[in-house]
**Student:** 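Can you keep this structure in mind? I'll have questions shortly.
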Amino acid sequence: MHKLSIKQLSDGLHGKQFSSRELTQFYLGRIARYEPSLNSLITTTADRALAQADAADAVIAAGTAGPLTGVPLIQKDIFCTKGVRTSCASKMLDKFIAPYDATIVQKLDAAGMVMLGKANMDEFAMGSSNETSWYGPVKNPWDLERVPGGSSGGSVAAVAAGLAPVATATDTGGSIRQPAALTNLTGIKPTYGRVSRYGMIAFASSLDQGGVVARSAEDAAIVLQAMSGFDPRDSTSVDRPVDDYVAALGNSIKGLRIGLPKEYFAEGLAPSSRARIEQAIEVFKKLGASFTEVSLPNSPLSVPTYYVVAPAEASSNLSRFDGVRFGHRSETARTLEELYKRSRGEGFGAEVQRRIMIGTYVLSHGYYDAYYLQAQKVRRLIYEDFRRAFESVDLLLSPTATDTAFKFGTNADDPVAMYLNDIYTIAANLAGIPAMSLSCGFADGLPVGLQLMGNFFDESRMLNAAHQYQQATDWHLRSPKGFE
Amino acid sequence: MTWEAVIGLEVHCQLLTKSKIFSGAATAYGAEPNTQADAVTLGFPGVLPVLNGDALRMAIKFGLAIGAKITGRSVFNRKHYFYPDLPKGYQITQFELPIVDGGKLDIELADGVTKSIGITRAHMEEDAGKSLHENFAGVTGIDLNRAGTPLIEIVSEPEIRSAAEAVAYLKKLHQLVVYLGISDGNMQEGSFRCDANVSVRKRGTSEFGTRTETKNVNSFRYVEKAIEYEIERQIGVIEAGGTIHQETRLFNPDTGETRSMRSKENANDYRYFPDPDLLPVVVTLEDIEAIRLSLPELPEAKRNRFMQQYALARYDASVLTAEAALADYYETVVKTSGGDPKICANWVIGDLLGLLNKQNLEIENSPVSAADLAGLIARIADKTISGKIAKEVFEAMFAGEGSADAIIKAKGLVQITDESAIASAIDEIIARNPGQLAEYRAGKDKLFGFFVGQAMKATQGKANPEALNRLLKDKLAG
Amino acid sequence: MSLTADQIRQVAHLARLELKPEMTDAYARQLSNIMAMVGQLSQADTSNVLPMAHPLDMYQRLRLDAVTEPNEREAFQTIAPATENGLYLVPKVLD
């Protein structure tokens with residue numbers, strides 16, 4: 001049952017082959033069985049899930065159900081859920097019971113989905129390995145000694161291990177795509193502004209975007225459709241109708257023009273990953289797509305640009321965690337200054353502290369022009385690269401990550417090496433374009449992902465290409481051993 | 001050695017919106033603590049700001065009224081510092097690209113000379129909350145109701161040269177924002193607050209001295225005192241061989257002195273950068289023209305019109321146009337009563353404002369409405385009552401006894417215009433006072449007043465004064 | 001670009017972070033490495049480039065001036081560390 005697609009689950013629910021309560025209990029059972037080895041969830045919400053399942057069963061019985069009614073999911077613990085702890089994997093928010101729902105939580109609740117729990121993640125979404133969570137690292141179901149990627153490591157581990165059919169995730173520099181690649185999943189980060197950021201705890205506001213990780217492009221399309229749309233509570237939400245992603249999946253991709261950015265195939269890419277991607281290119285060619293090499297000359301500057309812009313915004317966004325109105329408050333503080341410094345010193349982990357300090361530094365007097373302003377200018381150069389590329393191609397194809405999943409502790413004392421994990425994914429966030437990762441095979445038993453990047457609001461075309469590829473291949477259907 | 005003060009003022013003016021600048025929480029003054037602090041105001045995780053359109057339009061109104069350039073693409077920035085009344089750890093404000101760029105305000109000095117004070121900029125920002133130090137031992141209570149209230153911060157050029165000029169500027173500015181309907185201007189409630197940047201230099205030099213900033217002086221009188229104190233203090237320090245430090249100072253109204261705020265001494269590094277949760281604010285020329293059309297008549301224009309249209313003296317016109325509500329009141333009185341504008345002005349300025357001031361009432365809360373006052377003036381014009389009786393009626397109206405007509409009727413104050421009745425009253429008085437009559441006829445003209453008084457008394461003041469005078473003169477003459 | 005332990009302490013003060021003393025040197029080394037990587041930005045010729053604060057070429061949407069948020073003080077303060085009489089409490093603020 002845990003290998004069924006969302007469409008199959010929906011058909012089963014509508015056909016009364018099983019109820020949402022049964023389905024929910026089934027997944028809660030898998031969580032109870034496998035979660036101890038994975039640590040993919042921070043909070044399991046069994047009671048809430050069963051109540052939602054019963055409500056969904058009533059809707060199905062009444063004949064007013066939609067395609068997601070009664071289908072379980074896991075929410076990344078970065079999305080505020082009313083009445084449920086929303087920790088962002090930080091000690092700072094360990095006791096934070098959100099008093100409101102994120103817009104996407106409201107939307108998916110309204111679509112009838114059943115929330116099983118809140119997924120583990122890197123603390124405040126800062127990390128590429130899920131080792132920075134205050135609740136401990138998440139294991140990769142494909143190899144429990146390896147990382148699942150990050151920051152959406154809990155979301156991908158849970159879906160890859162069949163603890164839920166689908167999970168929400170967020171992506172600031174690759175946090176959906178890199179973990180999806182490392183766990184054989186399909187993950188999509190839509191265009192900036194497509195999914196509301198209201199109630200999604202901010203890391204870097206101009207880069208953050210919510211999305212979904214799923215076992216196929218089709219599943220991702222169905223859930224993304226329900227998450228997307230204009231939100232008047234988010235000034236950066238785009239007031240534009242959402243395309244019918246699902247309807248476009250079946251289109252032929254004959255004549256699709258795909259660009260291969262040469263900078264993304266330069267040194268640093270593992271040979272085995274390169275080989276899997278080259279095989280995938282052959283599959284796309286057979287499906288009628290044409291390939292040309294393109295250049296994104298400023299892409300080597302993506303990582304340095306990102307590590308100015310993202311920490312700058314993060315240092316500002318995380319100023320609100322001061323121990324006064326919510327969140328961790330030091331018990332030893334006697335003065336106001338101690339209250340601030342100790343609450344923040346105790347509440348934030350090392351990676352979060354590093355990024356707050358970098359951000360504070362690059363915004364401070366005397367450094368602003370050299371770092372922050374310069375990064376904003378280079379950001380425009382990176383954006384212009386994409387704009388030019390999309391004048392001649394429909395999509396871009398690249399690796400998602402330089403290599404397959406690495407072992408825990410690999411980059412423990414070398415943040416820069418860790419940051420380079422996101423070398424292929426960061427540019428899409430800087431430019432704001434949609435991007436996704438899908439599995440294209442295995443190297444030494446570990447999944448390899450390929451990335452598709454599209455023009456603004458071209459999610460439909462990207463999902464269509466991914467779906468057509470998945471119709472011609474079966475990599476995405478493979479599951480890790482030990483989670484049957 | 002003579003010294004010259006150089007003063008620049010920063011005024012924080014709360015905008016009169018129903019809801020906050022970036023959220024739908026209420027802005028009403030005086031609510032229970034934190035009952036108007038929603039998730040956005042509190043800076044909860046994940047919540048986002050959306051700009052209040054009316055706050056923007058009010059800021060633009062202000063800019064147009066001072067002849068400023070309205071910035072077509074202005075930007076909100078974050079200004080970072082940690083303070084418990086600042087929930088997010090940053091204030092959303094405008095930095096490099098404020099909505100209002102330039103402009104000026106003309107002030108009138110005591111000698112009647114007009115001086116133009118340049119305005120550097122006015123930008124939009126959110127207000128902070130309040131720290132309450134009373135009633136708690138060792139702790140401070142934080143009320144965030146005020147946090148997020150829309151403000152414009154109006155920054156003047158350092159072109160003010162005395163405390164008196166500063167007060168004239170502030171009063172003019174205050175009048176303007178209230179006129180525009182963009183602020184209630186309530187200084188006690190903190191709707192209109194002033195920080196004064198003061199430095200001194202030797203007269204004739206062009207360089208600026210080191211300035212101090214005196215914070216949150218919340219009345220015109222305090223501004224005057226604080227600036228006067230600061231000028232004297234700085235001159236004293238320099239003349240004694242000391243130096244002025246750039247610092248923030250706090251005015252103490254009890255002592256009339258300013259003192260250094262040491263806690264704000266730490267060199268701040270505000271780390272301004274564009275707020276990524278908000279997009280550039282774009283205002284088109286069409287938007288600006290639409291707002292320009294909605295501007296009310298401004299104080300100077302209104303004063304000049306009153307002088308022309310109602311033939312009022314400059315002083316009277318200035319008094320009547322000091323507040324838009326008063327000017328409206330006056331114009332309603334003139335229109336409704338059909339009376340002489342000058343007489344109407346006398347009633348409003350003399351009688352009405354006199355009583356209002358005595359009872360500390362605003363024109364908006366006047367117990368006598370403009371229509372009521374017009375009714376009274378109409379009764380004088382149609383000779384139902386005399387001007388003297390009218391004063392009595394007015395006081396009764398002010399005391400809430402009803403309309404002019406009702407009071408005139410209830411008290412039987414209708415003027416006696418029947419000349420035979422007045423004549424018989426006069427005859428009786430003359431008959432009763434033969435001695436005074438003889439003296440009058442012998443040339444003691446002053447006694448005329450005595451007879452008028454007696455006749456008024458006999459008619460309970462209701463005799464038409466003109467008829468009474470005429471008949472009395474005739475009869476006394478014999 | 002290399003940061004000293006003193007600079008780390010300054011930045012930590014500005015960000016109101018109390019660092020474990022034994023972490024300061026590690027932070028100095030790590031942040032120096034990060035800033036060295038970030039230093040590549042100076043290679044880019046950006047002389048005629050406008051800064052890009054945001055990926056969207058849009059402008060700010062305006063909200064109607066209406067009170068839409070009810071009083072939720074009770075709910076909000078149940079998760080507050082310290083309150084009394086509806087006020088949030090902090091150690092005495094001196095000025």
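Order of the sequence lines fixes the chain letters, A, B, ..., with proteins taken first and strands second; residue numbering starts at 1 for each chain. Because the structure is predicted, anything quoted here is derived from the model rather than measured.
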**Student:** Count the heavy atoms belonging to other residues, nucleotides or ligands that lie under 6.0 Å from CD of C:Gln43, then report whether that count exceeds 12.
**Tutor:**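 Enclosed.
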**Student:** Please find the pair of heavy atoms, one from A:Val324 and one from C:Pro81, that lie closest to each other, and give the distance.
**Tutor:**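 Closest heavy-atom pair between A:Val324 and C:Pro81: O-CD, 3.5 Å.
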**Student:** What part of A:Thr236 gets within 4.5 angstrom of chain C, counting heavy atoms only: side chain, backbone, both, or neither?
**Tutor:** both
**Student:** The test is salt bridge (charged side-chain N to carboxylate O under 4.0 Å, His left out); show your working for C:Arg61 and A:Asp239 and say whether it passes.
**Tutor:** CA-CA 10 Å; C:Arg61 191 158 24 82; A:Asp239 191 358; 6.0 Å; no
**Student:** For the backbone of C:Pro51 and the side chain of A:Arg380, can you confirm whether one donor and one acceptor N or O come within less than 3.5 Å of each other?
**Tutor:** yes
**Student:** Need one label for A:Arg354: side chain, backbone, both or neither, based on atoms under 4.5 Å from any heavy atom in chain C.
**Tutor:** both
**Student:** Going by heavy atoms in the side chains, are A:Met357 and C:Leu31 under 4.5 Å from each other?
**Tutor:** yes
**Student:** For A:Val309, which atoms come within 4.5 Å of any heavy atom of chain C: side chain, backbone, both, or neither?
**Tutor:**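 Neither part, no heavy atoms under 4.5 Å.
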**Student:** For C:Arg29, is it the side chain, the backbone, both, or neither that has a heavy atom closer than 4.5 Å to a heavy atom of chain A?
**Tutor:** side chain
**Student:** Quick check: are there more than 12 heavy atoms from other residues, nucleotides or ligands sitting under 6.0 Å from CD of A:Glu331?
**Tutor:**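 No, CD of A:Glu331 has 12 or fewer neighbouring heavy atoms, counting only those of other groups under 6.0 Å.
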**Student:** Give, as side chain, backbone, both or neither, the part of C:Ile8 having an atom under 4.5 angstrom from any heavy atom of chain A.
**Tutor:**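 Both parts, backbone and side chain.
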**Student:** Examine the side chains of A:Gln374 and C:Thr46 and answer whether a donor and an acceptor come within less than 3.5 Å of each other.
**Tutor:**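 Short answer, yes.
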**Student:** Identify which part of C:Gln60 has an atom lying under 4.5 Å from any heavy atom of chain A, answering side chain, backbone, both or neither.
**Tutor:**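 C:Gln60 touches chain A through side-chain heavy atoms alone.
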**Student:** Side chain, backbone, both or neither: which part of A:Tyr419 has an atom under 4.5 Å from a heavy atom of chain C?
**Tutor:**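 The side chain, not the backbone.
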**Student:** So for atom NZ, which belongs to A:Lys82, do other residues, nucleotides or ligands contribute more than 12 heavy atoms lying within a distance under 6.0 Å?
**Tutor:** no
**Student:** A:Ala431 versus chain C, heavy atoms under 4.5 Å apart: side chain, backbone, both or neither?
**Tutor:** backbone
**Student:** Tell me whether the count of non-hydrogen atoms from other residues, nucleotides or ligands lying under 6.0 Å of CZ in A:Arg334 goes above 12.
**Tutor:**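 No, not enclosed.
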**Student:** Considering only heavy atoms and a distance below 4.5 Å, find which of A:Gly327, A:Gly193, A:Ser235, A:Pro99 pairs most often with chain C.
**Tutor:**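 The option with the most such pairs is A:Ser235.
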**Student:** In Å and rounded to the nearest 0.5 Å, what is the CZ to OH distance from A:Phe326 to C:Tyr88?
**Tutor:**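 Nearest 0.5 Å value for the CZ-OH distance: 9.0 Å.
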**Student:** Under the side chain to side chain contact (heavy atoms under 4.5 Å, CB included) criterion, do C:Gln40 and A:Leu301 qualify, and how do the steps go?
**Tutor:** CA-CA 7 Å; C:Gln40 294 171 47; A:Leu301 290 175; 4.0 Å; yes
**Student:** Show your working on side chain to side chain contact (heavy atoms under 4.5 Å, CB included) between A:Tyr361 and C:Gln7 and close with a plain yes or no.
**Tutor:** CA-CA 9 Å; A:Tyr361 182 73; C:Gln7 281 176 299; 4.2 Å; yes
**Student:** Could you tell me which portion of A:Ser364 (side chain, backbone, both or neither) has an atom closer than 4.5 angstrom to a non-hydrogen atom of chain C?
**Tutor:** side chain
**Student:** Could you go through A:Tyr371 and C:Val38, starting from their C-alpha distance and side-chain angles, then the distance that decides it, and tell me whether this counts as side chain to side chain contact (heavy atoms under 4.5 Å, CB included)?
**Tutor:** CA-CA 8 Å; A:Tyr371 293 115; C:Val38 161; 3.6 Å; yes
**Student:** What part of A:Ala370 gets closer than 4.5 Å to chain C, counting heavy atoms only: side chain, backbone, both or neither?
**Tutor:** neither
**Student:** Please answer whether the main-chain N or O of C:Ala15 pairs with a side-chain N or O of A:Arg344 as donor and acceptor at a distance below 3.5 Å.
**Tutor:**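 At least one qualifying donor-acceptor pair exists.
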**Student:** Would you say the side chains of C:Tyr27 and A:Gln353 form a donor-acceptor pair under 3.5 Å?
**Tutor:** yes
**Student:** For A:Pro311, which atoms come within 4.5 Å of any heavy atom of chain C: side chain, backbone, both, or neither?
**Tutor:** neither
**Student:** Taking atom CD of C:Glu18 and atom OG of A:Ser343, what is their separation to the nearest 0.5 Å?
**Tutor:**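 With rounding to 0.5 Å, CD (C:Glu18) is 9.5 Å from OG (A:Ser343).
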**Student:** Kindly indicate whether the side chain of C:Pro55, heavy atoms from C-beta on, has any atom under 4.5 Å from the side chain of A:Arg379.
**Tutor:** yes
**Student:** Do you know which of A:Phe456, A:Phe348, A:Phe230 has the most heavy-atom pairs with chain C at a distance under 4.5 angstrom?
**Tutor:** A:Phe230
**Student:** Testing the basics here: between C:Leu17 and A:Gly345, what is the closest heavy-atom pair and its distance to 0.1 Å?
**Tutor:** CD2-N, 4.3 Å
**Student:** Is it the side chain or the backbone of A:Leu318 that comes within 4.5 Å of chain C heavy atoms, both, or neither?
**Tutor:** neither
**Student:** Starting at OG1 of A:Thr360, measure out to CG of C:Leu14 and round the result to the nearest 0.5 Å.
**Tutor:**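 Taking OG1 in A:Thr360 and CG in C:Leu14, the distance rounds to 6.0 Å.
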**Student:** Contact part of C:Met37 toward chain A, heavy-atom cut-off under 4.5 Å: side chain, backbone, both or neither?
**Tutor:** both
**Student:** Is A:Asp413 close to chain C through its backbone or its side chain, or both, or neither, when contacts mean heavy atoms under 4.5 Å?
**Tutor:** both
**Student:** Determine whether the side chains of A:Asp414 and C:Gln30 contain a donor N or O and an acceptor N or O closer than 3.5 Å.
**Tutor:** no
**Student:** Give the minimum heavy-atom separation between A:Val362 and C:Met35, together with the two atoms involved.
**Tutor:** CG1-CE, 3.8 Å
**Student:** Nearest heavy-atom pair of C:Ala44 and A:Leu381: which atoms, and what distance?
**Tutor:**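 Taking C:Ala44 first and A:Leu381 second, the nearest heavy atoms are CB-CD1, 4.4 Å.
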**Student:** Mind running side chain to side chain contact (heavy atoms under 4.5 Å, CB included) on C:His54 and A:Tyr192 for me, showing each step along the way?
**Tutor:** CA-CA 10 Å; C:His54 220 275; A:Tyr192 184 86; 3.3 Å; yes
**Student:** Non-hydrogen atoms of chain C under 4.5 Å away: do they reach the side chain of A:Leu339, the backbone, both or neither?
**Tutor:**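 Side chain only.
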**Student:** For a 4.5 angstrom cut-off between non-hydrogen side-chain atoms, does C:His13 reach A:Glu337?
**Tutor:** yes
**Student:** Looking at C:Ala26, C:Ala12, C:Ala82, C:Ala53, which has the largest count of heavy-atom pairs under 4.5 Å with chain A?
**Tutor:**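 Greatest number of close heavy-atom pairs with chain A: C:Ala53.
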**Student:** Give, for atom CE of C:Met52 and atom CD of A:Glu384, the distance between the pair rounded to the nearest 0.5 Å.
**Tutor:** 8.5 Å
